[in-house]
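Below, chains carry the letters A, B, ... as their sequence lines are ordered, and counting in each starts from 1. Computed over heavy atoms, backbone and side chain alike; hydrogens, waters and symmetry mates excluded. Note that the coordinates shown come from a computational prediction; the quantities given were computed from them, not determined experimentally.
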Amino acid sequence: MHTHLTRRATIAGLALSTFASSMARAEPVKGGVLNVALFPEPPMAVSAFNSSTYVGLISTKIFDGLVTYTYEMKPEPLLATSWEIAPDGLTYTFKLRPNVKWHDGKPFTSADVKYSLEKVWSKMHPRGRTTYQNVTSVETPDDLTIVLKLSKPTPILMKSLSSYESQVIPKHIFDDGTDLAKHPGMNAPIGTGPFVFKEWKKGEYILMERNPNYWDQPKPYLDKIVWKIIPDAAARAAALETGEADFTAFSAVSISDIKRLASLPKLAAETRGYEYLAPLFLLELNNRNEYLSKVEVRQAISHAIDRKFLIDNVWEGYGTALTGPIPPTNVEYYTKDVPDTVSYDPKKAAELLDKAGYKVGAGGKRFKLRLEVVAVSDTMAPSGEYIKQALGKVGIDVELRNIDLGGFIKRVYSDYDFDMTMNVIYAMPDPTIGVQRLYWSKNIKQGVPFANVSGYSNPDMDKALEGAQTENDPAKRKAMFVEMQKIAARDVPLTDLFYIKYVTLHNKRVMDHTTGAEGTYANFAKVYLAK
Amino acid sequence: MAFWRQYRRNVAAVIGLAILLVVVVMAVSAPLLYPGDPWDMAGKPFIWPFQSWKFPLGTDRLGRDVAACIFHGARVSLLIGLVATLVAVVVGIVVGAFAGFYGGKVDDVLMRLTEIFQTIPSFIFIFVVVAVFTPTVPIIVLAIAIVSWPQLARLVRGEFIALRGRDFIQGCIAIGMSDLRIIFFQALPNALAPVIVTASVTVALAILAESGLAFLGLGDPNVMSWGTIIGAGRAVLRQAWYLTAIPGVAILLTVLALNLIGDGLNDALNPRLRGRR
């Protein structure tokens, strides 16, 4: 009788608590501390100066962008309340949000945006230099209006106004004559965002507190965010399991641990929210190499690799095979309708190699290529081993060369001393921002990391890419990108392998952390902890 | 024969020798039993041991045959252990012999040099050497040899200092025998016993060092060693522990065997311990 009652009471309790949590979903709860397990530790905290991944993760909570983005990459108001683009695409007028204050109490005005654009985005940001290259003047008719005049249309501009990509920084802090590259404001950032930077204990934690004067009250809901620096992947997994951390982004645990952790009752995995970055896993080929200069060899390599096997067995299923240079997340421009050079077909690969004039020689091998492996994660080394075996099956002998990240940048980008290398590249929301740099002949820049390192140069490709850069008509622009995808699929200057599905692992009580394409690069004003 | 009679009194040492023989047989028979490339993705990934006749020890996350990896790994681990030790022994003997035999300034210079190498933590030193050059088998062998020779040099020096005062060496000097001849043909054979004992342990340490490097991803990525298998298996420890356990046991047994052999050799070669058991 007693047990029976208890059980019934439990069921009633469960029903109640389910009800309560669904209530909580509708009504965000105020208060609480969000603990995030973070590694590597970012070197500073202003993305306007440093576009690296983990700087973006923390700085976007302190600094708001002009806009934020839905999953469909539609801009939504943040610091800008409305905007107007002239039909010729040469004038942009933004209205800014009134009564927004910097964390030190100074008012936020159009002068801050003008300063950020003119002095920082267009000068110091690796992608901003291209995005804002056609801006001829920035006018500030009043404190809350900003007008950009352009010499050529720049269709990517409206996609580049997130906090991560174009971070609005305070003029009164940075414009004090100090060398910007060494400015102390980078380590004690002052923004307009929902969280105020409080303390940074190097190697231990970064502490942020709720901004009580945030314009969008009652947001933010959280009292604090603590970014705990936990260097070991297994320790990060343990922190999630024990509840010491509530949140991790960018697949912060060992890839083979993700499924196990996600299946725990209190944890969950989210793969959305990386569409803005669109991380791609590529095999870059040095087209200067005797063998790799032949298009048949490059096509053969692409056909010899079973992308599905690689994704399923090395990347635990966290990937989507690519069909061409532009990922499906660039929805407006992606096309499947390109020459097929990606299907797994070792027989065809062998035929292509025969056709190129490289017959199977002694020991079943045709020729030898080297593959650079940066052993930074538990996925890189086995990916390299897989590629070695896969190419070995069609007669290409692959020598793996282990190297650290610094040595890799020098050997590959400065010395061009490589044949093949695996790389993770962010495709970003528009091909002009992310993909173009890999295929554009004017981006063959020795010494510049993540430039066109394959040395691929094709006037037709350049024409399509350069046309799309300044084409204001969406239909014509799409046609140019379709052309670009066809050329890339045929020429295969580099091997597109797959779109990496990064995972945000989090405690189920953390709500509304991923609500748009920016994912964990959003400002976290909406995030709350369910009771 | 007398040596073997001494040696076999130590049962543990005989077991050690038996284990080592098995490992050597594995290494020698690897190309016959598993003629293919051990890196080949031969079957489905993650077949557990004893589930399939074709793969008695299972397959790893890329479908490689673990048994083939272990057999071929034995070749690499033994090769690196033996060659590194050989290099270390030669360097150690030369340095130690000259320092011990001549004493004085020569001794000072050589011993300070030895101490420089000894004060650097050995595994970190290996790391640095491998990181500066590319991780290939010759570089790894060299790196391990560099950290292993000082110990041997000091040992040989001690032996030579003791031998130098002995009558037969003094006799050799008196009859005008050349220094090199005295060092290598008179003194060295008498100093060799402790060197052999230490060398057997050095082989074990070299195998461990190579496994450590490979485990951390700093081994030669084109060569299948036991450490490579563990390093690859570590990532999937929670779903396939056998991938770490099998090569781990192989390393454990080999290192244990070499240590037991070292003990046995010590007993058999040390006249003072004779007849104790």
Side-chain angles (χ1 to χ4, degrees), chain A residues 232-234 237-238 241 253-261 263-264 305-306 309-310 312-317 346 363-365 368 370-393 397-408 411 417, chain B residues 31 35-47 59-66 68-69 72 127-137 139-140 143 210 213-225 227-241 243-244:
Chain A
D232 181 58
E241 280 190 85
V253 300
S254 166
I255 198 148
S256 54
D257 246 1
I258 294 177
K259 287 214 173 91
R260 182 184 66 81
L261 289 168
S263 69
L264 295 177
I305 297 170
D306 184 353
F309 184 94
L310 184 62
D312 288 348
N313 292 295
V314 176
W315 292 75
E316 302 276 334
K365 300 293 178 210
K368 184 171 175 173
R370 299 164 302 172
L371 173 60
E372 308 300 317
V373 181
V374 189
V376 285
S377 63
D378 57 345
T379 42
M380 278 303 195
S383 297
E385 287 161 18
Y386 170 74
I387 290 170
K388 178 185 162 94
Q389 291 311 312
L391 297 188
K393 276 191 187 153
D397 189 16
V398 177
E399 183 199 342
L400 299 174
R401 296 210 293 180
N402 271 4
I403 189 161
D404 61 73
L405 190 61
F408 166 80
R411 186 187 283 170
D417 174 25
Chain B
D37 184 347
W39 294 90
D40 267 343
M41 293 167 289
K44 275 206 310 212
F46 292 125
I47 299 174
T59 59
D60 73 359
R61 73 197 275 200
L62 290 180
R64 291 180 292 231
D65 184 353
V66 176
C69 293
H72 283 269
F127 244 67
V128 172
V129 175
V130 172
V132 170
F133 304 98
T134 37
T136 55
V137 168
I139 294 293
I140 292 168
E210 192 281 330
L213 276 180
F215 171 74
L216 292 170
L218 284 166
D220 186 336
N222 300 292
V223 165
M224 179 64 76
S225 83
T228 313
I229 314 173
I230 298 186
R234 181 182 60 150
V236 286
L237 187 63
R238 290 183 95 137
Q239 70 225 61
W241 55 265
L243 285 178
T244 337

Practice prompt. Check step by step if salt bridge (charged side-chain N to carboxylate O under 4.0 Å, His left out) holds for A:Lys393 and B:Asp40.
Written response: CA-CA 9 Å; A:Lys393 276 191 187 153; B:Asp40 267 343; over 6 Å; no
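Note: B:Phe133 CZ to B:Ile140 CD1 = 13.0 Å, rounded to the nearest 0.5 Å.
In this structure, the side chains of A:Leu261 and A:Val253 come closer than 4.5 Å at one or more pairs of heavy atoms. Side-chain contact check for B:Gln239 versus B:Phe46: some heavy-atom pair is nearer than 4.5 Å.
When only modelled atom types and interatomic distance are considered, B:Ser225 and B:Glu210 share a side-chain donor-acceptor pair under 3.5 Å.
Neither the backbone nor the side chain of A:Leu310 comes within contact range of chain B; no heavy atoms are under 4.5 Å apart. Neither the backbone nor the side chain of A:Val373 comes within contact range of chain B; no heavy atoms are under 4.5 Å apart. Neither the backbone nor the side chain of A:Lys259 comes within less than 4.5 Å of any heavy atom in chain B. For chain A, no part of B:Arg234 is nearby; none of its heavy atoms comes within less than 4.5 Å. Neither the backbone nor the side chain of A:Asp312 comes within contact range of chain B, judged by heavy atoms closer than 4.5 Å. Contacts of A:Arg401 with chain B are made by backbone atoms alone, with heavy-atom separations under 4.5 Å and no side-chain atom involved.
Most heavy-atom pairs under 4.5 Å with chain A: of the set B:Val236, B:Asp220, B:Leu237, B:Asp60, this distinction falls to B:Val236.
Taking the charged nitrogens against the carboxylate oxygens, A:Lys388 and A:Glu399 have no contact shorter than 4.0 Å, which rules out a salt bridge.
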